[in-house]
S.K.: 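Please read through the structure below; I'll follow up with questions.
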Amino acid sequence: MPEFKLRFPENEISAWAEKYQFGTDDRPEKVGTFAKENGFLDGRNLYDICEWKSSRKAGSAKENLEASVKELTRFSFSTADEYSRIASLTLLKGVMWPTASVILHFCVSERYPILDVRAIWSLGEDKPSYYTFEYWQEYVRTCQDIADRNKISIRYLDKALWQYSRENQDLIS
């Protein structure tokens, strides 16, 4: 089980988050609005969220059948079972755990953090060789605890974690 611990003091979260500059691409928010209004994603929206997370892997998302995209995302967005919620998304081509986390964050609840190798590193861990549900649960719990303690959104924390890694990971590791 990972032992996530911030590599920087919590009182620096705002400084790191404010330095985050990753463009003004609002596709994830638009996809989230579509999902919340309709209760599912269609193929176009799935591709957009996959492309936002990882453009080099997004092409696979186009291989999904439209009916499968709608059915699997409808199920994921409506189930109360956390394992089923994330695992069902990984049945879609082009969707692994990190992309599934993006879908959950924007389409289900902003309380889900975005699983990212940079964020993981900023929490004191290296990317695992594979993700498990137990790993995911601990990552979610850790991010939610930090965000709650600091009275910030999960997305704000995501930005701080990403930016800290961007500026420090290559220097330290």
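All values derive from a computational prediction rather than experimental measurement. Numbers here simply count residues along the sequence, with the first being 1. In what follows, every heavy atom counts, from backbone to side chain, and hydrogens, waters and symmetry copies are set aside.
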S.K.: Are more than 12 heavy atoms from other residues, nucleotides or ligands located less than 6.0 Å from atom CD of Glu110?
M.R.: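 No, CD of Glu110 has 12 or fewer neighbouring heavy atoms, counting only those of other groups under 6.0 Å.
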S.K.: When rounded to the nearest 0.5 angstrom, what distance separates CD in Gln169 from CD1 in Ile120?
M.R.: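 Going from the CD atom of Gln169 to the CD1 atom of Ile120 covers 10.0 Å.
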S.K.: Hey, are the side chains of Thr142 and Glu138 touching, using non-hydrogen atoms and a 4.5 Å cut-off?
M.R.: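 Contact flag for Thr142/Glu138 side chains = yes.
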S.K.: Would you call Asp48-Lys30 a salt bridge at under 4.0 Å N-O?
M.R.: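 Not counted as a salt bridge, because no side-chain N and carboxylate O are separated by less than 4.0 Å.
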S.K.: Applying side chain to side chain contact (heavy atoms under 4.5 Å, CB included), name anything that partners Lys62, two or more places apart in sequence or on another chain.
M.R.: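 Lys62 satisfies side chain to side chain contact (heavy atoms under 4.5 Å, CB included) with Tyr47 once adjacent residues are dropped.
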S.K.: Is the shortest side-chain heavy-atom distance between Asp126 and Val117 below 4.5 Å?
M.R.: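 No, too far: nothing below the 4.5 Å cut-off.
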S.K.: After noting the C-alpha distance and the side-chain angles of Asp25 and Arg27, does the key distance pass the salt bridge (charged side-chain N to carboxylate O under 4.0 Å, His left out) rule?
M.R.: CA-CA 6 Å; Asp25 190 341; Arg27 281 182 298 168; 2.7 Å; yes
S.K.: Can you tell whether the side chains of Arg118 and Asp116 come within less than 4.0 Å, N to carboxylate O?
M.R.: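 Salt bridge: no.
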S.K.: Does the distance from a Lys or Arg side-chain N to an Asp or Glu carboxylate O, for Lys5 and Glu125, drop under 4.0 Å?
M.R.: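 Salt bridge flag = no for Glu125 with Lys5.
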S.K.: Does any part of the side chain of Ile86, heavy atoms only, come nearer than 4.5 Å to the side chain of Ser76, both counted from C-beta?
M.R.: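 A side-chain contact under 4.5 Å is absent here.
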S.K.: Take a 6.0 Å sphere around CD of Glu29 and say whether it holds more than 12 heavy atoms from other residues, nucleotides or ligands.
M.R.: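 Atom CD in Glu29 is packed in, count exceeds 12.
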S.K.: Could you work out, with salt bridge (Lys or Arg N to Asp or Glu O under 4.0 Å) as the rule, every residue matching Lys36, not counting sequence neighbours?
M.R.: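 With neighbours one apart ignored, the set is empty.
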S.K.: Does Lys159 reach the side chain of Arg155, with side-chain heavy atoms less than 4.5 Å apart?
M.R.: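 Yes, close enough: below the 4.5 Å cut-off.
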S.K.: Is any side-chain heavy atom of Leu157 less than 4.5 Å from a side-chain heavy atom of Pro113?
M.R.: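 Sidechains of Pro113 and Leu157: no contact.
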S.K.: Hey, are Asp145 and Arg141 close enough for a salt bridge, meaning a charged N less than 4.0 Å from a carboxylate O?
M.R.: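 A salt bridge links Asp145 with Arg141.
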S.K.: With a 4.5 Å heavy-atom cut-off, do Leu115 and Tyr131 have their side chains touching?
M.R.: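 Yes; the side chains approach each other to less than 4.5 Å.
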S.K.: Looking at side-chain heavy atoms only, is the closest gap between Met96 and Thr90 below 4.5 Å?
M.R.: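 Met96 vs Thr90: side chains apart.
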S.K.: Side chain to side chain contact (heavy atoms under 4.5 Å, CB included) with Ala35: which residues, sequence neighbours excluded?
M.R.: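 If we apply the side chain to side chain contact (heavy atoms under 4.5 Å, CB included) test to Ala35, skipping adjacent residues, the hits are Leu41, Phe77, Cys107.
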S.K.: Can you tell me if Glu18 and Tyr156 form a side-chain donor-acceptor pair at under 3.5 Å?
M.R.: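 Side chains of Glu18 and Tyr156: pair found under 3.5 Å.
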S.K.: Residues two or more places apart in sequence or in another chain: which of them pass side-chain hydrogen bond (donor to acceptor under 3.5 Å, both in side chains) with Asn38?
M.R.: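 Expected list: none.
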S.K.: Give a yes or no on whether the ring-centroid distance for Phe106 and Trp52 is below 6.0 angstrom.
M.R.: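 Phe106 vs Trp52: aromatic centres under 6.0 Å.
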S.K.: Going by the rule side chain to side chain contact (heavy atoms under 4.5 Å, CB included), which residues pair with Asp81 if we only count those two or more places apart in sequence or in a different chain?
M.R.: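 Only Thr79, Tyr83, Ser84 meet the side chain to side chain contact (heavy atoms under 4.5 Å, CB included) criterion with Asp81.
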S.K.: Is the Tyr135 ring parallel, tilted or perpendicular to the Phe4 ring (thresholds 30°, 60°)?
M.R.: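 Aromatic pair Tyr135/Phe4 classed perpendicular.
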S.K.: So, do Leu6 and Ile13 sit near enough that their side-chain heavy atoms are less than 4.5 Å apart?
M.R.: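 Leu6 reaches Ile13 side chain to side chain.
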S.K.: Quick one: list whatever passes salt bridge (Lys or Arg N to Asp or Glu O under 4.0 Å) with Arg111, sequence neighbours left out.
M.R.: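 For Arg111, the residues satisfying salt bridge (Lys or Arg N to Asp or Glu O under 4.0 Å) (neighbours in sequence not counted) are Asp148.
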